[in-house]
Each structure stands twice: as structure tokens, then as C-alpha cells.
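Some notes on the structure that comes next.
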Amino acid sequence: MRESDIHISRVDWLVVVIYFALVIFGWFNIYAAVYDSQAPQSMFDMSINSGQQLVRIGISVVLIILIMVADYRFFENLSLFIYIFFIALLVVTPFIGKEVNGQVLTVGFGSFRIQPGEFAKLATALALAKVMERPTFDLSKTKNQLIAFGVLLIPVALILLQPDTGTAMVYFSLLVMFYREGLPQRYYILGFGFIALTLLSLGIENNLYLVAGIGLIVLILIIIGKKSWQRIIVFSLIGLGMVAYSYSIDFVVSKLPDHQQNRIMVLFNPNLDPLGVGWNVTQSKIAIGSGGLLGKGYLEGTQTKFDFVPEQHTDFIFCTLGEEFGWAGSLVVIGLFVTLLVRLVIMAERQKTRFARIYGYGVISILLFHFMINIAMTIGLFPVVGIPLPFFSYGGSSLWSFTILLFIFVNIDASRAMQLGRLG
């Protein structure tokens, strides 16, 4: 049997089938999101979003073929060069890029443009896998932590300069991969603590209640432990630091752009401005809720037909699904994503090299973050930050970057027998 035959026979076809199911279902929903019953157009019409997306799907198929016929070592050997290329592209984007909604996001020529921040995600996952693949690379050591966080934070800083907070947030999803590779739990406990304190500081109008709660917790920790002046001083300082951080939240939020402040405030008070900044989320929840159990039927969504939800073919594509296919259709799509993620975990754990496993968990981290945040955003559980639903939302950069991200791992996984021979 030839090496290429072994490679094809080991392709995880379940992942491939789920990918195409999501892409095709997404394409149908993109058409539904722009469908006009008064002047219906063919979903193949190149003048509307569904026709344009079909071309992008065709390009994705070409990309898949090119990735799958390539030697899996190509991606490993060039991972750092790919990373450097996209870092350089992020550096020049503010100077040569096209401004979109007040943000410099896309580069290219003519009508062909890409969003470098989307592709830099997969480049960062590849670079981290290459940097961390050495058996001696231990994330419990400070030096290695600095290296890994350095690789992660460089693109984050460059994307924040555009500014594009939503895309920058995605990079922190790679902390899931860091956890699998041994980053100490204290960082996650501290991080979740800061997130909880931030949410409480924003959600509780009177900070005195929060101060009282912090004081009570500190007092209990002092009482139940060993009595010593050192312990009392340490916990008291921690409590004072938490209080100071809580009061600083309002100041930090006040320095954010107005649209970001409004999105945060609407999260805690949906009725704050239902006809203004709260419009998107309110209409999205109405669309999803009106779908009921089985939905109103394909192309029958009233919220969709009358354009109540802006950006419904991109960031809010899930509400089109909820309105027209209901709870059952939403459950099917969520089930596909969950099955895909579980399958990717299985694939990552069966890899023969650290590079393959680390990259696999990088793929999982990024897809999981997009999946969770996009849906949470459309049902009002997370601020609107411009996070597309993988393989589903309209757009070339997001579809192509997710496709490349996923199928590089499918290629690497299909080549794991050769990885074993290489190690041997």
C-alpha cells in the first residue's frame, strides 16, 4: 500500500461530513437572511450574499484539496514563517488597510480583501505548537510561560490597535490549550476570580454591597485558618486590592469607546435602550423565541423578512436559524458543533507528536470560543463583540481561516502513522 493510500484511509471522515453539513446549512441560512419575498432572487445569484458565499465555499473546497495533498510536515516546518508573515501583515494593516465601520480590518486589492486578524489566529496556533513541541518545554516554568504568552500577546496587541476587540479576545481562547499542556491552575483561578469580580462590579449598582461581601469573605478566611499576623495582613491586603479593583472598573469602562460602553451596559440592563444599542440583541431574542419548537419554516421568518436584526447574515446568523427552524433546528446545529468538538478532542489525544496534539487543542480552543460566544451574544448572555459562527456566518476571511485551521489538523491526524514512523 502506498503512503498516500494510508493517508487517505486515515482521514477522519466524520469531521469532514460535519464540516460540510455546517457550511451548507449556513449557506441556506445566509440566503434566508437576505431573502426578499417581494422580489425573490435565486440563491445562486452572484449579486446577493448567498451567491457570493457559494463562490467562497468553492474556494474553500480548493483550499481543502491543496491542504490534504500537502505533506503534513510542511505546516510544521513553516509554522514560524507563517506566524511571522501574518504578524508583519498586522503591522502594515493600519497603513494599507481599508477602514470598515471605523476599524482598519481588511487588506487586499479590488473587491478581493481579507481580514489578517482572522488568519493570524491559525498562524498563532501553529507557532505555539512549534514553540511548545520540545519535550523540555514545561509551562510550569516562568521562562516558558513568558515565551508562550509572548507569542500569544503580540497579535493581540496589534489587533487592538486597529481596534478590533472581538477578534483580539479570541486569542485568549488558546488558554484552554495552555491548560492541557500544564499551565498551573492558579492562573485560571486568578483569572476567573477577576472575571467574577468584574461582572459583579458592573452588575451591582451600589459598590458598598460588593465591598461588604468582600470584607465578609476575607473575615471568614481569616477566622477559619491558622491565626497569625502574617495571614491576617496577607488576606487584608488581598481584600483591599479587590476593593480597589472593583472601584477601578467604572473608570476603565468610562475610557472605552461609547459603543463598547453601551454594549456592556445593555448586557446588565437589556431595557436600557431597546430602540438604540439594545436593538440588535432584543430583536435577536424575539426572532429566536418566536421560532418555537419547530420554527416558522424556511424563508418564513418575519423578523428576517423585515430586516429587524442588523448583521443577520454574519454575527447574528443564529437567530435566523432559531426563527425558521426553531428549537429543533437549533439543537441539531448545536449538536453538530458539540460532536465536532468532541471528535477533535479524541483526535488531539491520539496524536503521536506534541506538535500535533498542541495544534489540535489550539483548533479546539478557537472553535469552542467562537461557538460559545456567538450563540451567547445572540441570546443576550454576552456583549455584542463581532464574533462569527464558524463555517456558518457570511464572509470569506472567517470561512477560509476556519477551513484552513481545521483541515491542517485533519491532514496531520491522517498522517499520524507516518508521525509514529518518524518518531521511531
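On a predicted model such as this, the values are computed, not experimentally measured, just so you know. In what follows, residues are counted from 1 in the order of the sequence shown.
- The side chain to side chain contact (heavy atoms under 4.5 Å, CB included) check on Ala21 picks up Leu336, with sequence neighbours excluded.
- Other residues, nucleotides and ligands contribute more than 12 heavy atoms inside 6.0 Å of the CE atom of Met43.
- Evaluation of the side chain to side chain contact (heavy atoms under 4.5 Å, CB included) rule for Leu54 yields Trp27, Phe44 as partners, not counting sequence neighbours.
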- Please lay out, stage by stage, how Tyr361 and Leu174 fare under the test side-chain contact (heavy atoms from CB on, under 4.5 Å). CA-CA 8 Å; Tyr361 271 98; Leu174 291 167; over 6 Å; no

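- Under the 3.5 Å distance criterion, the side-chain polar atoms of Gln145 are matched with a main-chain donor or acceptor of Leu139.
- His370 contributes no side-chain N or O that, together with a main-chain N or O of Ile387, makes up a donor-acceptor pair within less than 3.5 Å.
- Judged by distance alone, with hydrogens and angles left aside, the side-chain atoms of Gln53 form a donor-acceptor pair with the main-chain N or O of Gly395 at under 3.5 Å.
- Within the model, atoms OG1 of Thr378 and CD1 of Ile317 stand 11.0 Å from one another, a figure rounded to the nearest 0.5 Å.
- Heavy atoms only, all atoms of each residue included: Ile48 and Ser42 are closest at CD1-O, 3.4 Å.
- By the side chain to side chain contact (heavy atoms under 4.5 Å, CB included) test, Leu63 is found to be paired with Ile59, Trp400, Ile404, residues two or more places apart in sequence or in another chain being considered.
- Distance check: Ile288 CD1 to Trp327 CH2 gives 14.5 Å after rounding to the nearest 0.5 Å.
- Taken to the nearest 0.5 Å, the CZ atom of Phe172 stands 10.0 Å off from the CZ atom of Phe178.
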- Kindly indicate, with the supporting measurements, whether the criterion ring pair (Phe, Tyr, Trp, His ring centres under 6.0 Å) is fulfilled by Tyr19 and Phe407. CA-CA 10 Å; Tyr19 165 83; Phe407 278 90; 5.0 Å; yes

Side chains of residues 79-88: which donor-acceptor partners sit under 3.5 Å, not counting sequence neighbours?
{"unit_1": "Ser79", "atom_1": "OG", "unit_2": "Glu76", "atom_2": "O", "d": "2.9"}
{"unit_1": "Tyr83", "atom_1": "OH", "unit_2": "Val151", "atom_2": "O", "d": "2.6"}

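- Using a 4.0 Å cut-off between charged side-chain N and carboxylate O, Arg343 and Asp413 make no salt bridge.
- Here the CD1 atom belonging to Ile358 is positioned 11.5 Å from the OG atom belonging to Ser365, to the nearest 0.5 angstrom.
- The CD1 atom of Ile214 sits 11.0 Å away from atom OH of Tyr245, with the distance rounded to the nearest 0.5 Å.
- Although no hydrogens or angles enter the test, the distance criterion places no donor-acceptor pair under 3.5 Å between the side chain of Ser246 and the main chain of Met242.
- Counting only distance, with no hydrogens or angles, the side chain of Asn49 and the backbone of Ile30 share no donor-acceptor pair below 3.5 Å.
- Listed by chain and residue number, Tyr179 satisfy the ring-ring contact (aromatic ring centres under 6.0 Å, His included) test with Tyr188 (two or more places apart in sequence, or in another chain).
- Taken to the nearest 0.5 Å, the CZ atom of Phe74 stands 8.5 Å off from the CD1 atom of Ile408.
- For the residue pair Phe318 and Ile334, the shortest heavy atom distance occurs at CZ-CD1, 4.2 Å.
- Side chains of Leu344 and Leu406 form a contact here, defined as non-hydrogen atoms less than 4.5 Å apart.
- Using a 30° and 60° split on the angle between ring planes, Tyr31 and Tyr298 fall in the tilted class, from 30° to 60°.
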- Output, in order, the C-alpha distance, side-chain angles, deciding distance and verdict of ring pair (Phe, Tyr, Trp, His ring centres under 6.0 Å) for Tyr359 and Tyr72. CA-CA 12 Å; Tyr359 179 72; Tyr72 76 98; over 10 Å; no

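- Asn144 places no side-chain N or O within donor-acceptor distance of the main-chain N or O of Phe137, the cut-off being under 3.5 Å.
- Contact between Leu183 and Phe149 at its shortest, heavy atoms only, is CD2-CZ, 4.0 Å.
- Here Ser397 pairs with Ile114, Gln115, Glu118, Phe119 under the side chain to side chain contact (heavy atoms under 4.5 Å, CB included) rule; sequence neighbours left out.
- Closest approach of Asn411 to Ala70, counting heavy atoms only: ND2-O, 3.1 Å.
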- Item | Test log, rule side-chain contact (heavy atoms from CB on, under 4.5 Å), inputs Glu181 and Arg357 | CA-CA 9 Å; Glu181 295 306 315; Arg357 186 186 70 231; 2.7 Å; yes

